[in-house]
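These numbers were taken from a predicted model, which means no experiment stands behind them. The sequence lines fix the lettering, A, B, ..., with proteins before strands; numbering per chain opens at 1. Note: hydrogens, waters and symmetry copies are ignored here, and every other heavy atom, side chains too, is used.
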2 protein chains.
Amino acid sequence: MSQSDFPPAQLLSMALISVDVVALRLHQGQLQVLTAPATHPKATFPRALPAGRIDPQIDSELEQTALRQITQLTSAEPSWLEQVETIGNNHRDSRGWSLTVVYFALLRGEPEKDLGEAEWLDIGIQTTACHDPQLPDLAYDHQSLLLTAIERLCSKVQYSTLPLYLLPEVFTLSEIRDVFNCILGKSPPMRSIRNRFVGGNILEDTGEKRYGSNRPASIYRMKECDCAQLFNRLYQTTQ
Amino acid sequence: MSQSDFPPAQLLSMALISVDVVALRLHQGQLQVLTAPATHPKATFPRALPAGRIDPQIDSELEQTALRQITQLTSAEPSWLEQVETIGNNHRDSRGWSLTVVYFALLRGEPEKDLGEAEWLDIGIQTTACHDPQLPDLAYDHQSLLLTAIERLCSKVQYSTLPLYLLPEVFTLSEIRDVFNCILGKSPPMRSIRNRFVGGNILEDTGEKRYGSNRPASIYRMKECDCAQLFNRLYQTTQ
DNA sequence: CGAATAGTGTCTATAAGACAATATGCC
DNA sequence: GGCATATTGTCTTATAGACACTATTCG
């Protein structure tokens with residue numbers, strides 16, 4: 001904040017700052033997290049979340065720093081980006097006080113065009129107890145950051161249009177059900193998904209059909225809207 | 001983050017950091033926000049949110065910094081404290097890149113014991129459209145931080161036990177209704193409040209009664225629990 | 001008793017869930 | 001036709017809301 005002058009010497013006006021990103025996608029029925037190599041010699045595991053520092057030449061907002069961590073690793077544009085939390089303390093970095101701003105991104109399951117060091121790691125869902133996902137090993141405390149982001153995802157898919165942000169631009173209703181299954185290990189009945197998304201006027205029918213060895217499915221698209229819409233109930237079957 | 005060495009010179013590893021707090025209470029049927037004097041000479045208004053910097057002698061976690069901003073101004077212990085967002089950019093502080101971590105606190109409506117410079121300012125609710133509260137003038141961009149916190153409050157009271165954190169340790173059901181009225185300008189019917197809070201086994205009946213010039217009301221207390229409990233629906237009448 | 005507020009009973013409205021029934025493509 | 005999946009119909013359930021009715025205290 002700018003309201004006070006430089007504080008007296010015993011107060012800390014500056015600290016190490018980094019931005020970490022949990023970028024998730026659905027790939028072949030599997031929830032995956034984007035990782036980068038863990039470069040620090042003390043790293044306990046070889047992979048870590050994409051992370052970096054503010055580049056004052058490029059970034060004018062924190063969100064741009066987060067976005068840059070993703071675009072350095074994959075050419076896909078995130079369909080969703082939000083801040084999760086800021087962790088700040090004096091024991092996370094051996095050099096002293098540090099802050100990490102954690103962002104949460106979703107990418108559409110499109111043909112991937114990853115760059116250099118990127119690697120997507122699977123996130124397993126315990127179908128018996130979806131509250132305990134099997135997370136890949138990550139360096140530093142990144143597994144716990146991942147857990148926080150996954151918990152937000154699990155919560156938010158149940159009362160918002162967030163599931164649509166993991167799908168391609170166009171999709172069928174069954175694919176929405178698949179998103180729930182991949183994330184939570186279970187899904188609301190198609191009846192409920194249909195009532196909420198079609199009945200709620202969230203989707204636009206493209207008029208196209210997806211053909212398979214069965215009755216073709218209508219292909220939908222999200223209606224124009226700036227951000228995820230919220231419903232006023234949770235699904236019960238996914239809890 | 002600790003995983004990378006000091007970044008190359010063009011990257012910013014440090015930035016100005018402050019912690020701002022939106023501390024709210026209910027006082028005589030009025031939602032109020034805790035303010036401190038705005039000390040900066042360029043301040044546009046005389047009052048500002050409590051804000052400060054990390055004190056490395058005292059704080060080991062960011063939350064402690066937030067808590068300290070409150071306890072410097074009032075002797076009451078917050079009943080609720082959560083992080084709202086972190087704002088980071090290069091134009092908020094004239095000195096360059098800065099980060100502000102914003103916290104959101106609730107205080108129980110107890111006899112106040114404010115210290116020195118503290119002042120509580122009223123927050124008006126437009127009963128016609130509760131989406132547009134009348135916020136007091138605050139220095140810097142603090143009015144917009146306040147707005148974000150108020151929006152979170154308005155949202156969260158509708159699907160959690162958060163209303164209870166603005167009440168004293170013991171309270172009647174009518175006082176829960178009053179919380180809704182103060183915050184949103186309207187309230188769910190008593191029937192719905194009763195079903196949710198009493199039927200949901202959230203409250204403990206103290207056995208005591210509050211007497212007035214009418215039928216006495218049962219006095220309740222929150223049941224033991226670490227954090228606010230969530231319901232799986234929003235009230236409809238408060239939207 | 002009357003005023004005032006607390007609390008209950010009961011019917012309606014809404015949206016989710018269960019599940020049977022029907023539709024429509026491919027083979 | 002038979003299979004597989006999509007879609008619809010309809011009944012049930014859970015919880016909020018409306019509102020009338022009863023309960024209990026004070027003055």
Task: Contact check, side chains of A:V101 and A:T65, non-hydrogen atoms, under 4.5 Å - done: no

Task: Residue whose nearest DNA chain D nucleotide is more 5′ - B:K209 or B:R233 - done: B:R233

- [ ] List in chain and number order the residues that pass side-chain contact (heavy atoms from CB on, under 4.5 Å) with B:D122, two or more places apart in sequence or in another chain; answer none if no residue qualifies.
- [x] B:Q30, B:Q32

Open item on the list: Counting only heavy atoms from other residues, nucleotides and ligands, does the tally under 6.0 Å from CD of B:E117 exceed 12?
Closed with: no

Task: Residues from residues 157-176 of chain B lying under 4.0 Å of DNA chain C - heavy atoms - done: B:S174

Open item on the list: Quick check for you: name the first and last nucleotides of DNA chain D, 5' to 3', having an atom under 4.0 Å from a heavy atom of chain B.
Closed with: D:dA14 to D:dC26

TODO: Send over the distance from B:R210 CZ to C:dG7 C1', rounded to a whole Å.
DONE: 16 Å

Task: Partner residues of A:E208 under the salt bridge (Lys or Arg N to Asp or Glu O under 4.0 Å) criterion, sequence neighbours left out - done: none

TODO: Answer yes or no: is there a side-chain heavy-atom contact under 4.5 Å between A:F171 and A:L203?
DONE: yes

Output side-chain donor-acceptor pairs under 3.5 Å for residues 218-230 of chain A, partner residues at least two apart or in another chain, one line each.
from, atom 1, to, atom 2, distance (Å)
A:S218, OG, A:K209, NZ, 3.0
A:K223, NZ, A:N201, OD1, 2.9

Task: Atom-to-atom span, CE of A:M190 to C1' of C:dA15 - whole angstrom - done: 17 Å

Open item on the list: Once side-chain hydrogen bond (donor to acceptor under 3.5 Å, both in side chains) is applied, what residue pairs with a partner in residues 163-181 of chain A remain, sequence neighbours excluded?
Closed with: A:E175-A:R210

Task: Those residues of residues 195-202 of chain B lying under 4.0 Å from DNA chain D by at least one heavy atom - done: B:R196

Open item on the list: So A:L24 and A:F104, do their side chains get closer than 4.5 Å, heavy atoms only?
Closed with: yes

Open item on the list: From CD1 of B:I219 over to P of C:dA6, roughly how many Å is that when rounded to an integer?
Closed with: 12 Å

TODO: State which residues pass salt bridge (Lys or Arg N to Asp or Glu O under 4.0 Å) with A:E61; sequence neighbours excluded, sorted by chain then number.
DONE: none

TODO: Side-chain contact test, heavy atoms from C-beta onward, threshold under 4.5 Å: evaluate it for B:D141 versus B:T100 and give yes or no.
DONE: no

- [ ] Go through the structure and list residues passing side-chain contact (heavy atoms from CB on, under 4.5 Å) with A:N232, not counting sequence neighbours.
- [x] B:L234, B:Q239

TODO: Let me have a per-nucleotide readout for nucleotides 18-27 of chain C, 5' to 3', with B, S or -, counting only protein heavy atoms under 4.0 Å.
DONE: BB---BBBS-

Open item on the list: B:R196: which residues meet the side-chain contact (heavy atoms from CB on, under 4.5 Å) condition with it, sequence neighbours left out?
Closed with: B:F231, B:R233, B:Y235

TODO: To the nearest Å, give me how far apart CZ (B:R177) and C1' (C:dT5) are.
DONE: 8 Å

Task: Whole-Å gap separating P (C:dT14) and CD (B:Q239) - done: 14 Å

Task: B:T148: side-chain contact (heavy atoms from CB on, under 4.5 Å) partners, not counting sequence neighbours - done: B:V84, B:E85

TODO: Could you tell me whether A:F231 contacts a base, only the sugar-phosphate backbone, or nothing, with contacts defined as non-hydrogen atoms closer than 4.0 Å?
DONE: nothing

